[in-house]
Protein chains: 2
Amino acid sequence: MLNYSTSEENYIKAIYHLQKEGTVTTNELAAELSTRPASVTDMMKKLRTKKLVHYEAYKGFRLTPEGRKLALIIIRRHRLWEFFLAEKLKFSWDEVHAVAEDLEHVSSKKLIDKLDEFLGFPRYDPHGDPIPDANGKIETSKQVCLIDLPLNKAAVVCYVSDQSTEMLELLSHKKIGIGTRLEIKKKFSFDQSLEIKLRQQSATTISGDLAKNIFVKYDE
Amino acid sequence: MLNYSTSEENYIKAIYHLQKEGTVTTNELAAELSTRPASVTDMMKKLRTKKLVHYEAYKGFRLTPEGRKLALIIIRRHRLWEFFLAEKLKFSWDEVHAVAEDLEHVSSKKLIDKLDEFLGFPRYDPHGDPIPDANGKIETSKQVCLIDLPLNKAAVVCYVSDQSTEMLELLSHKKIGIGTRLEIKKKFSFDQSLEIKLRQQSATTISGDLAKNIFVKYDE
DNA sequence: GTTTTAATTTAGATTTGCCTAAAAAAATAT
DNA sequence: ATATTTTTTTAGGCAAATCTAAATTAAAAC
């Protein structure tokens, strides 16, 4: 297994988290990593030569199978350390992430596999996110209807059941499509309408009828 | 507490290990870190501006009090991780060092103090070296006569009891002085003479009479 | 379908940590 | 005391990862 820099690993992880469905854009990634778009372009060229991302100028990027494999290794490290910090060192729920951000870059596979064993092969980290196993298998969060999505839980649109022209026109007007990340800010029981917020945009309202046809997966 | 790069930390740690008595030279440090003398000079200038080392061109370097404090923090991290790896993750004696070299650069003080507590405040790492406490206090190894030094245990000359001209002449001829690092390769019971190896030099033999007057501390 | 705006990429600079080769200083030997 | 050898420093460069500013391409608006 090759070795990657902390910076490369952070990019790969960020792409994995943003990707889900569809492609990731330069600006999205720059925002996620608190860096500049120009830096992202530079790194994408490098990761492309390392065959970790698919990338063509102006067309966004996606992880290759190898890139995804690497992402899952890093996420496995991160979540196992989070579990360790919370369970064994009694860190509080909200402190574990920052420390795990550093620990996740220590790359010994043996270390992580032995840590996993020591911890009793936990399946979820302290935030409830699933931990990939030693082979990189991760429990995929099941698809849920937008109607049933809890408040303020980040999710990604993954399927639309009614694909009529009218429906698609409405969705496109609201800038919602496969891969759109959103969360529900308010639910109105009167008509089942929802106030939702799209990532990096202001809030909008959608009807219960529309929501019933949209399916999402939990984002991470 | 300020934050230092992995590279800076490795230099500080290496100086601490080499220092013991007297000053550290450019070539010694370059050898210890598998780098080039020119790189050492570059880094010494930087660490000087950060007030971690005393350094004047051509005169070698020593840690400042702040530098020593930092060194002990890094050594504390390293040895606690070694203990964790051996004790909890069942790594074997000889595997712990390499992994701890990476883990030691994760700089959260809270992490290390909680790890210390989790491990039950161990006093020695798996190699028997003392672990500095949360305040940077470390057990100083007691002085032992060279006659009593175990085979192959690295040690540093710290005192010479007979300081006659004849004695000093002999020592200077053998290139032994305060701060000289050495280890015993063979002991001859017949006359108590010792075959010793000075760091970075070939082996030489010294008589029992000489060895009785030389005192060393264990090196780390 | 232009034009305007926004996103992305290129070009060129900066910082860190390292390198080689050459110069300078110190140590050693004659 | 001078010459030789060794050590150390300087000078100049390189690669990684970042940045700003300018140019280019794509998307949006009119």
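We name chains A, B, ... by the order of the sequence lines, and we start the count at 1 in each one.
Within the 3.5 Å criterion, the main-chain N or O of A/Lys137 finds no donor-acceptor partner in the side chain of A/Asn135. Within the 3.5 Å criterion, the main-chain N or O of A/Lys51 finds a donor-acceptor partner in the side chain of A/Thr64.
Across all strands, A/Thr26 comes closer than 4.0 Å only to sugar-phosphate atoms, never to a base (heavy-atom distances). Heavy atoms of A/Ala38 sit under 4.0 angstrom from at least one base atom. Here A/Phe61 lies out of heavy-atom contact (under 4.0 Å) with every strand. Residue contacts for B/Lys59: at a heavy-atom cut-off of 4.0 Å it reaches no nucleic acid atom on any strand shown. Within the nucleic acid shown, B/Ser7 comes within 4.0 Å of sugar-phosphate atoms alone, with no base atom in reach, counting heavy atoms only.
Of the candidate nucleotides D/dT9, C/dT8, D/dC19, D/dT9 has the atom nearest to the side chain of B/Thr41.
Between B/Tyr58 atom OH and D/dT10 atom P there is a gap of 6 Å when expressed in whole angstrom units. In this structure, A/Asp42 atom CG and C/dG12 atom P are separated by 14 Å, rounded to whole Å. If you measure from atom NZ of B/Lys45 to atom C1' of D/dT9, you get 7 Å, rounded to the nearest angstrom. The separation between A/His173 atom NE2 and D/dA28 atom P is 13 Å, rounded to whole Å. Remark: P of C/dT8 and CE of A/Met44 are 12 Å apart, rounded to the nearest angstrom. Rounded to whole angstrom, the span from the CE atom of B/Met43 across to the P atom of D/dT8 amounts to 18 Å. Rounded to whole Å, atom P of C/dA26 lies 11 Å from atom CD of B/Glu56. Rounded to whole Å, the distance from CZ on B/Arg36 to P on C/dC19 is 6 Å.
Both A/Tyr11 and A/Ala57 lie near DNA chain D, and the one whose nearest nucleotide falls closer to the 5' end is A/Tyr11.
In terms of phosphate contacts, B/Tyr4 brings no side-chain nitrogen or oxygen within less than 4.0 Å of OP1 or OP2 of C/dT16. Applying the 4.0 Å criterion to OP1 and OP2 of C/dC19, one finds that B/Ser39 has a side-chain N or O inside that range. Of the side-chain N and O atoms in A/Thr25, none sit less than 4.0 angstrom from OP1 or OP2 of C/dA7. Within the structure, a side-chain polar atom (N or O) of A/Asn27 is placed less than 4.0 Å from OP1 or OP2 of C/dT8.
Counting only heavy atoms from C-beta outward, the side chains of A/Leu29 and A/Phe61 approach each other to under 4.5 Å.
By the 6.0 Å contact criterion, NZ on A/Lys186 is open, its count of non-hydrogen atoms from other residues, nucleotides or ligands being 12 or less.
If you look at B/Phe84 and A/Phe84, their ring centroids are closer than 6.0 Å.
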